Amino acid sequence: MGASRGSLRAMSNVSARPRRRAASLVLPTTGCVFFVALAALAVGCHERTYVAPRPDSVAPSAGLVGRATAVTISGEGFVPNVVTDFANSAASHLDARYTARLGRVPLRDVRLTPDGALTAVVPESLEVGEYSLTVVDSAGRAGELPGAFKVVAAEDSVSLVASFRFGPLDRQRVTVPFFVDVDALDATGLVVGVFNGEVSLSDVTGTAVPATVGYFVGGHWTGRVEVRQAHPADTLTATHAAGARGTSNAFAVDALPPAALSFETAPVTVAAGSCTPAVTVGLLDVQGRPSPATAPTAVALAPSQPVGFGLFLDAACTSAGPSTTVAAGETSATVYFRATRAGPVTLFAASTGLTGAAQQETVTPAAAARLVFLSPPQFVNAGSCSEPVTVQAQDALGNPVSATMADAVALATTAGAFGFYADAACAAALTQVPMAAGQSSTTFYFSSTQAQV
């Protein structure tokens, strides 16, 4: 008796739980029917729940009109269908076929990847606009994602850029150019290869140059940048007028080494005998910018007029010292001085290996404290007029003090028959002699009709 063989095929895309069950397969024959009991046919197999594909994102989510764009479609339910042939095990297989379309336009080369995503190519024929995505598996189950992909014109390529990414930056030096890499990225973090615009460049110190970088080529820009102010943790930021921006990692910008000294404070004016305000001596690099000392740096200071001059390290002028030290990492040090002689004094600063500096300071007289005779004693015959007698106003340290306004010096004597005069002929008598504003001294004459000492 002959018999024909039949086959049992099953298709699913679902995962399983171990389940034991009995099944029977009816095989038609000539004139009779055989019932074959298949015990435990599905031992170790799993029941599955049918799931339609559910796309939730497309990366990149936009492309340029007229250009094919490779995309990755992510979501749930992207698994192959299982096709089982119980009669011919060699015919059992996984069916991983998927199709996808944007609007009504099918995507090319749709493939299922091992990580459960789909890759595909958006054709260059797609017009400018926004499109919904439809994904269909081999069993005909479909899933849709509205507004999944946008096609833009070339002049609108900046709309694809969501951020900028800098290449890693190492420690740098002030004003020394260094290479910077910047990529234009879309919302998924992929390089926007069609972006060829410019972006603004800035940093924490506000001294980064150039202020604008570009043009990008293939979504990438490489060029030289320099920062003109030291900072322990500077960052670069790229910003597009449309709003996209990105910031680099933090990097130190070191100052150039010291090359010269300078006086950071303005020239001081101080009264004789008084302690000055702070006088600050700083370190500069070769470009005239403040530069921190790499090690403690001694700075010697000396005046052009050393007599009556003292240099001090404290504001009370009690701790004397001919030099000061700029501490490592600092850019300046402060000193004070006191002088007893009025007049200009130049203060010189010097340090080994550095260009020195000089600054003229001014010491003014203190308040008038006394009158003194500048002319020597005279021997005058009775009845004769004397030589000129000069009297001067001075401070307590002997510095001449000029009158701030017109004043007069009163004259008096203990001698008898004695007179003071304004002229060399002793004709214009006076009891006080005027001192003009701005003058520190005045002159008069005297005469006596009696011989006396």
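Worth saying up front: this structure is predicted, and the values here are computed from it rather than measured.
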Query raised in the report: Counting distance only, does the side-chain N/O of N399 pair as donor-acceptor with the main-chain N or O of T340 below 3.5 Å?
Result: yes
Query raised in the report: Above 12 or not: heavy atoms from other molecules or residues under 6.0 Å from CD of E127?
Result: no
Query raised in the report: Can you check ring-ring contact (aromatic ring centres under 6.0 Å, His included) on F444 and F420, steps first, answer last?
Result: CA-CA 7 Å; F444 64 91; F420 299 101; 5.7 Å; yes
Report task. State whether the number of non-hydrogen atoms from other residues, nucleotides or ligands found under 6.0 Å of R370 atom CZ is greater than 12. Result -> yes
Requested in this report: Quick one: do R228 and E226 satisfy salt bridge (charged side-chain N to carboxylate O under 4.0 Å, His left out)? Show the steps, please.
Outcome: CA-CA 6 Å; R228 297 180 174 178; E226 67 178 70; 2.9 Å; yes
Requested in this report: Verify ring-ring contact (aromatic ring centres under 6.0 Å, His included) between F149 and Y131, making sure each step is shown before the conclusion.
Outcome: CA-CA 5 Å; F149 193 82; Y131 296 86; 7.7 Å; no
**Report entry** Q287 and T175 side chains, donor-acceptor separation under 3.5 Å
**Finding:** yes
Query raised in the report: Do the charged groups of R108 and E124 touch, with an N to O distance under 4.0 Å?
Result: yes
Query raised in the report: When you look at CD of E387, are more than 12 heavy atoms from neighbouring residues, nucleotides or ligands closer to it than 6.0 Å?
Result: no
Query raised in the report: Taking all atoms of both residues into account, what is the closest heavy-atom pair of E330 and L283, and its distance?
Result: O-CD1, 4.3 Å
Query - Verdict with reasoning, T247 to T237, per side chain to side chain donor-acceptor pair (under 3.5 Å) - result: CA-CA 4 Å; T247 299; T237 298; 3.1 Å; yes
Query raised in the report: So, are R171 and D254 salt-bridged, with charged N and O less than 4.0 Å apart?
Result: yes
Requested in this report: With the side chain counted from C-beta on, respond yes when V58 and T72 share a heavy-atom pair under 4.5 Å apart, and no when they do not.
Outcome: no
Query raised in the report: Hey, is R289 close enough to D285 for a salt bridge, meaning N to O under 4.0 Å?
Result: no
Query raised in the report: How about F164 and H220: are their ring centroids closer than 6.0 Å?
Result: no
